[in-house]
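Order of the sequence lines sets the chain letters (A, B, ...), proteins ahead of strands, with each chain counted from 1.
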Number of protein chains: 2
Amino acid sequence: MPVNKSYHHGNLRTALIQAGLELIAQKGVRALTLREIGAHVGVSRMAAYRHFADKAKLLAAIREAGFEKFAIALETGRDAAGAESIARIRGMGVAYVLFARENPAYFEVMFGSPQESGAPPCEAEKRAFQILESAIAEGQSKGDLRQGNARLMACAAWSLVHGISALKLDQTPFADGLAPVDFVTACSNLLLSGLASNAKK
Amino acid sequence: MPVNKSYHHGNLRTALIQAGLELIAQKGVRALTLREIGAHVGVSRMAAYRHFADKAKLLAAIREAGFEKFAIALETGRDAAGAESIARIRGMGVAYVLFARENPAYFEVMFGSPQESGAPPCEAEKRAFQILESAIAEGQSKGDLRQGNARLMACAAWSLVHGISALKLDQTPFADGLAPVDFVTACSNLLLSGLASNAKK
DNA sequence: ACCTGAACACCGTTCAAGT
DNA sequence: ACCTGAACACCGTTCAAGT
């Protein structure tokens with residue numbers, strides 16, 4: 001992502017992304033207007049067009065920045081969980097939900113607006129999934145996870161934490177009073193151990 | 001007395017919901033305009049205000065209709081799966097993802113736009129979750145599912161299928177060429193059996 | 001009651017022009 | 001090069017009026 005120094009401001013491009021983020025956090029993507037972003041950084045409502053072809057491009061830039069932050073959050077959560085592979089996977093799951101909780105504006109742009117047809121996933125987005133799939137494969141090679149299609153297992157793990165994040169289950173009565181971290185940990189443990197009484201086939 | 005075809009005595013409300021749905025399916029909620037809905041049913045752009053206080057209320061009506069259809073789809077999927085409790089739960093999961101796939105417009109309105117603060121979940125929405133939680137409790141009482149917090153287990157199951165639906169994983173290369181039903185079934189089996197090699201604790 | 005056109009305060013975006 | 005105001009074609013919504 002190129003840094004674009006503007007004439008009158010230190011870095012208008014970055015300022016626009018930041019302002020967009022703040023406005024989304026306040027009122028949602030739906031209420032985001034280019035005019036308001038401009039006013040927020042003290043610039044004409046047309047200044048944004050110097051750096052972004054249109055509103056969609058600005059959103060795409062926010063989206064990309066979000067996925068980069070997201071991928072780092074996943075790696076941090078994984079590494080903070082120690083060396084045990086199951087703990088590392090669970091650490092990523094917790095980091096996923098906490099990221100959504102703490103960065104609702106980013107999460108909304110990253111996953112909220114359906115990908116316009118033809119828009120390919122950005123690099124950081126693909127990297128985020130790779131991180132998870134690698135952790136699964138590592139767990140398998142260590143013998144901590146059952147054998148099988150690692151990608152499928154990654155899909156299941158990803159879907160679980162994404163569902164919790166998207167439904168904000170950790171922020172509803174469904175969480176049954178559990179703290180977010182404990183709720184996600186409990187759900188993750190269910191996936192790891194299985195729901196069935198004869199879980200180990 | 002001649003029938004004035006431009007009048008929609010009584011059925012305009014339903015026609016507006018239906019038209020809204022079709023337009024959302026074509027271009028997404030974001031591009032939905034009251035004016036276009038009106039034109040679509042051959043009515044002035046203000047006619048909608050006879051039946052809905054504003055655009056948000058129309059969307060809420062679509063949302064509610066969606067959840068009603070959704071709850072029925074879950075029950076149908078459950079009952080079609082037979083009497084075995086694990087098969088019934090899996091049947092609901094498959095129905096969940098298939099509903100999202102076959103009714104993207106409904107799904108987008110139901111879950112896409114974040115609940116405006118203060119908007120309580122509609123009856124059908126709560127019923128849908130109740131159906132799932134009951135199926136879990138039934139599986140426990142039959143001894144097919146492990147004991148434990150049924151609500152938490154329902155959250156995990158719900159999140160898994162919601163994540164698949166929201167990320168449209170069954171419609172991406174992540175599905176690894178599996179048919180949607182097979183992909184969801186495989187993911188559901190992973191949750192039921194567990195990812196860990198020592199799944200049965 | 002049910003529907004309508006005109007009008008208002010917003011949008012995103014284009015354009016020609018200012019510095 | 002970078003930024004601006006005026007202008008255009010849209011929105012949702014209000015209002016007074018038509019049938």
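What separates CZ of B/Arg13 from P of C/dA1 is a distance of 18 Å, to the nearest Å. Separating the CG atom of B/Asn11 from the P atom of C/dC2 is a distance of 12 Å, rounded to the nearest angstrom. Taking atom CZ on B/Arg35 and atom C1' on C/dG5, their separation rounds to 11 Å, with Å as the unit. Rounded to whole Å, atom C1' of C/dG12 lies 14 Å from atom CD of A/Glu36. Taking atom CZ of residue A/Arg45 and atom C1' of nucleotide C/dT14, one finds them 13 Å apart after rounding to whole Å. Rounded to a whole Å, the CG atom of A/Leu12 is 17 Å from the P atom of D/dA1. Spacing between atom CG of B/Leu58 and atom P of D/dC11 amounts to 15 Å, rounded to whole angstrom units. To the nearest angstrom, C1' of C/dC3 lies 16 Å from CZ of B/Phe52.
B/Tyr49 has a side-chain polar atom (N or O) that falls below the 4.0 Å cut-off from OP1 or OP2 of D/dT13.
Pair check for C/dC2 finds D/dG18; Watson-Crick or G-U wobble, both atom distances under 3.5 Å. For D/dC11, there is no paired base (Watson-Crick or G-U wobble, both distances below 3.5 Å).
Nearest-nucleotide positions on DNA chain D for B/Ala56 and B/Arg50 put B/Ala56 closer to the 5' end. Along DNA chain D, the nucleotide closest to B/Ala53 and the one closest to A/Ser44 are compared, and the more 5′ of them pairs with A/Ser44.
Within the 4.5 Å cutoff, the side chain of A/Asp176 has no heavy atoms near those of the B/Leu152 side chain. Side-chain contact between B/Asp170 and B/Val181 is absent, with no heavy atoms from C-beta onward closer than 4.5 Å.
Taking every side-chain heavy atom of A/Met46 into account, C/dC15 is the closest of C/dC15, C/dG5, D/dT13. Nearest nucleotide to the A/Lys55 side chain, out of C/dA7, C/dC3, C/dT13: C/dT13. With distances taken from any side-chain atom of A/Val43 to the nucleotides D/dT13, D/dT4, C/dT13, the minimum falls on D/dT4.
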Original post:
For B/Leu32 and B/Leu58, what are the C-alpha separation, side-chain angles and deciding distance, and is it a side-chain contact (heavy atoms from CB on, under 4.5 Å)?
Top reply: CA-CA 11 Å; B/Leu32 185 71; B/Leu58 207 186; 5.8 Å; no
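Across all non-hydrogen atoms, the minimal contact from B/Ala87 to B/Ala81 is O-CB, 3.3 Å.
Taking the six-membered ring where the residue is Trp, A/Phe70 and A/Tyr96 present perpendicular rings, their angle passing 60° and hence far from 30°.
Residue contacts for B/Leu32: at a heavy-atom cut-off of 4.0 Å it reaches the sugar-phosphate backbone alone, with no base atom in range.
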